[in-house]
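All residue numbers in this chain count up from 1 along the given sequence.
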Amino acid sequence: MIKRFFILSSLCMVLGVSAQKSHTVVQGDNPYNIAKKYGITVDELLKLNPKHKDGKLAIGDVLTVKSEKTAAAAVTKSTPVQKATVSTSTSSLGKIVLQPKQTVYGITKQYRISETDLRKLNPELDSHMKIGDEITLPLASIKKYGGAQQAVTTAEKHVEAIAEKTNVPATSTPVTTAVEGESYVIQSKDNYYRITKQFGISQQDLYALNPGLEEKGLKPGDTIKIKRSNTSTNTDIVAETPNPKAKMDSGNEKSTTSSNVAVGDDYVTYTVQQGDTVFSIVNKFGVSIDELIALNPDLSHGLKTGMVLKIKKQDAAYIKKNGDALSVILMLPFGYSTNETQYRGMALDFLTGAKLAIERNARGGQKLDIKVVDSGNEASFKNSLTQINPENTDLIIGPFFKSNVIDVLDFTKNQKIPIVAPFANSPELYNYSNLIIVETNNQTYADKIVEEVKGIYSDQKIYIVADAKKENANYIKAGLEKAVKNPNIIIVNSPADIQPDQNMMTGQSAPVIAILANDDNAAGDAFANRIAAVSKEVQGMKAFSMFYSPTFEKKVDELSQASLVYLMDRKINTDGSFEKEILAAYKSKYCKTPPKYAIVGFDVVNDMLTRENKKGEIFKQMNKVQTQLATKFEFVKSKANGAYVNTGYRVIRLVP
């Protein structure tokens with residue numbers, strides 16, 4: 001039996017309260033130092049003076065304040081109990097409007113309510129978790145924990161609430177107010193306006209003290225430098241546990257009220273607040289700048305406080321609904337039903353690696369229900385869909401081919417089940433928000449090569465060794481023509497065409513830059529040999545490769561003279577302890593080293609299972625960068641409401 005421990009909230013005893021009194025604003029006053037003077041918080045000061053809720057004060061303004069004598073002593077006691085029940089004969093209920101990125105988990109944490117009670121108050125919760133939907137909560141919780149997000153409607157209702165405050169002590173956290181050069185920890189409800197008003201500094205000063213902050217945005221838990229107009233002693237404020245944002249969710253997180261977010265048919269509207277930037281808004285709502293401008297052409301004239309923006313609605317994330325076990329389907333092209341063996345070996349190898357990952361996670365305590373489906377071939381694929389129950393499936397890994405992936409996405413479109421494509425990567429797939437694309441595309445590699453060449457370029461001639469299609473070579477050429485000044489780029493079919501340049505003044509050989517944009521191993525061999533030869537003729541040769549070739553490891557000394565930089569994936573670091581453990585486990589189980597597709601099977605399945613939680617909320621974990629046996633997984637959104645695409649790879653640099 002699992003014991004639950006709850007922390008009883010602290011009891012505050014008022015020692016002395018005097019009548020309210022007033023304060024006349026003088027030069028140098030700001031909300032923070034006034035609140036400090038009278039022993040209240042900035043929020044309390046602004047609530048007492050609603051005419052000044054924007055924090056703007058003028059000399060001579062008369063503010064209502066509490067007496068300096070107001071004080072409270074808190075006594076906190078933690079007691080382990082099985083269950084804490086709070087019954088009320090009458091309790092007011094209120095409703096909040098669901099904001100972007102709010103989740104069931106986030107609401108239970110913010111408003112100190114158990115998920116059971118939340119669902120009792122909202123029987124159809126799972127179908128009412130879209131931006132703009134109303135969520136019923138105890139009114140007292142909204143007032144106490146809602147901050148800027150206050151109730152839109154209230155109702156009197158007889159309820160019996162069960163307070164399950166697991167490990168959430170209601171204690172006051174001491175926070176040191178900062179002087180110039182000192183630090184402040186960003187809280188969950190902070191935004192630029194709140195911070196600049198609290199500490200009496202301008203947003204420009206804040207950026208100056210914290211280089212990169214404007215681009216990065218405010219993240220709860222991060223420490224920033226603060227400069228304020230005067231010094232003061234420490235104060236106690238109630239601080240909520242920060243909720244670190246995901247990477248894709250970085251930006252200026254603002255507390256948004258129902259008054260500045262409204263709902264339309266295909267979009268929500270947002271009223272621009274002081275301190276907002278275009279960058280912070282696109283990160284807040286998970287849209288692209290292009291999409292924001294398309295709906296709001298006036299943005300071309302600049303962003304202004306008070307402007308009402310249309311924001312495209314976002315798809316709701318998938319949340320598991322059935323049982324404790326995670327129901328996973330592997331769709332592999334064995335071809336037994338069609339008697340086709342073209343992909344059977346590949347599928348069987350993938351399955352051996354997948355089984356190793358499944359067993360590893362099951363031993364770690366994860367409850368799994370695995371079903372393997374023979375996806376046949378592309379012609380007979382739709383018949384295999386009859387083996388899938390979309391209502392009781394939490395994750396689908398596979399199929400292998402693009403057309404089949406689209407079939408599965410269409411089949412499960414109502415449930416938005418997370419679907420993992422191990423090999424298919426095409427722009428046609430980028431429109432599906434529940435798709436996870438594992439294969440890093442060649443453009444990602446090419447972009448990195450352009451970045452690397454740009455960093456060392458100094459008017460050298462550039463050779464690009466292409467394959468038969470020349471797609472990669474042409475893409476790199478176009479990228480370099482934009483990235484460097486006066487490029488002289490030659491696309492060649494063979495590494496043998498790479499020649500040292502000639503200095504027009506001295507007639508001596510001059511170094512060049514060589515790029516391999518062909519993933520054929522034979523081309524890799526020829527490229528390595530030619531680079532080694534040219535490096536002996538002229539110093540300063542620089543070489544780059546989009547792809548790994550086994551020859552590179554055999555000719556490290558020669559290729560180091562050209563400072564070869566190459567990208568690789570699907571390559572095992574045999575010196576790593578994790579890698580040694582997995583390789584040994586595979587060899588013990590199958591009596592051989594894992595072949596290529598077994599490695600892929602392990603990496604894909606292990607990565608996906610380690611991102612899952614008991615609620616099946618895999619999309620909440622997509623910001624994590626993980627390297628498995630041979631693959632680096634670093635997912636980014638292709639676009640707002642688009643697929644997650646792996647952009648991970650490893651960069652190898654050979655140093656002379």
- request: Say whether E612 and Q621, considering side chains only, have a donor N or O and an acceptor N or O under 3.5 Å apart.
  value: no
message: Quick check for you: to the nearest 0.5 Å, what is the distance between S327 atom OG and N389 atom CG?
response: 8.0 Å
- request: Applying side-chain contact (heavy atoms from CB on, under 4.5 Å), name anything that partners T223, two or more places apart in sequence or on another chain.
  value: S183, V185
task: Return each pair, listed once, that meets salt bridge (Lys or Arg N to Asp or Glu O under 4.0 Å) where at least one residue sits in residues 360-370; pairs must be two or more places apart or across chains.
output: D324-K367, R360-E581
message: Check whether N49 reaches the backbone of T64 with its side chain - one donor and one acceptor, N or O, closer than 3.5 Å.
response: yes
Nearest heavy-atom neighbours spanning P390 and I417: O-CD1, 3.4 Å
task: With sequence neighbours left out, write down each residue that passes side-chain contact (heavy atoms from CB on, under 4.5 Å) with T136, or none if nothing qualifies.
output: L93, K95, L121, N122
field: Value rounded to 0.5 Å, distance of NZ in K143 from CG in L137
entry: 13.5 Å
query: Taking all atoms of both residues into account, what is the closest heavy-atom pair of L330 and A354, and its distance?
result: CD1-CB, 4.1 Å
field: Worked verdict on Q110 versus S141 for side chain to side chain contact (heavy atoms under 4.5 Å, CB included)
entry: CA-CA 9 Å; Q110 179 177 350; S141 295; over 6 Å; no
task: Find out whether T305 and Q273 are in side-chain contact, i.e. whether some heavy atom of one side chain is under 4.5 Å from a heavy atom of the other.
output: no
query: Take atom NZ in K413; do more than 12 heavy atoms of anything else shown fall under 6.0 Å from it?
result: no
- prompt: Looking only at heavy atoms, what is the nearest atom pair of I437 and F635, with distance?
  reply: O-CE2, 3.4 Å
query: Do L429 and V405 come close enough that some side-chain heavy atom pair is under 4.5 Å?
result: yes
message: Working note: L309 + T269, criterion side chain to side chain contact (heavy atoms under 4.5 Å, CB included); need CA distance, chi angles, decisive distance, verdict.
response: CA-CA 5 Å; L309 301 179; T269 60; over 6 Å; no
- request: Only counting residues at least two apart or in another chain, list the ones meeting side-chain contact (heavy atoms from CB on, under 4.5 Å) with S384.
  value: M331, V373, S375, F381, Q387
query: Is the shortest heavy-atom distance from the side chain of I135 to the side chain of V97 under 4.5 Å?
result: no
- request: Please test M608 against I436 for side chain to side chain contact (heavy atoms under 4.5 Å, CB included), starting from the C-alpha separation and ending with a verdict.
  value: CA-CA 10 Å; M608 292 302 117; I436 300 169; 4.1 Å; yes
message: Measuring from atom CG of D407 to atom CZ of F411, what distance do you get when rounded to the nearest 0.5 angstrom?
response: 10.5 Å
Heavy-atom check, side chain of I419 versus side chain of T412, under 4.5 Å: yes
- prompt: Is there a side-chain contact between L609 and I358, using heavy atoms and a 4.5 Å cut-off?
  reply: yes
- line: Exactly one of V438, T647, V625 clears side chain to side chain contact (heavy atoms under 4.5 Å, CB included) with F633, and that residue is V438
- request: Mind checking the CD1-NZ spacing from I113 to K120? Nearest 0.5 Å is all I need.
  value: 10.0 Å
task: Look up atom CG in L326 and atom CD1 in I370, then write down how far apart they are to the nearest 0.5 Å.
output: 7.0 Å
- line: Sequence neighbours excluded, the answer for salt bridge (Lys or Arg N to Asp or Glu O under 4.0 Å) partners of D607 is R611
- request: Can you see which heavy atom on I397 is nearest to which on V328, and at what distance?
  value: CD1-CG1, 4.4 Å
message: A side-chain contact here means heavy atoms from C-beta on lying under 4.5 Å apart; do L292 and I311 qualify?
response: yes
task: Apply the test side chain to side chain contact (heavy atoms under 4.5 Å, CB included) to residues V372 and L351: give CA-CA distance (whole Å), side-chain angles for both, the deciding distance (0.1 Å), then the verdict.
output: CA-CA 9 Å; V372 180; L351 182 60; 4.1 Å; yes
query: Do you know which of V408, D410, N404 makes side chain to side chain contact (heavy atoms under 4.5 Å, CB included) with L385?
result: V408
- prompt: Do N434 and F619 touch side chain to side chain, with heavy atoms closer than 4.5 Å?
  reply: yes
query: Any side-chain heavy atom of Y644 sitting closer than 4.5 Å to one from L435?
result: no
message: Tell me every residue that passes side-chain contact (heavy atoms from CB on, under 4.5 Å) with T610, counting only those two or more places apart in sequence or in another chain.
response: N361, N606, Q626, Q628
query: Is there a donor-acceptor contact under 3.5 Å from the side chain of S638 to the main chain of A643?
result: yes
field: E634 side, atom CD; T627 side, atom OG1 - distance, nearest 0.5 Å
entry: 9.0 Å
message: Given 3.5 Å as the limit, does a donor-acceptor pair link the side chain of K371 with the main chain of I329, or not?
response: no
- prompt: Do you know the tightest heavy-atom contact between P422 and P399?
  reply: CD-O, 3.5 Å
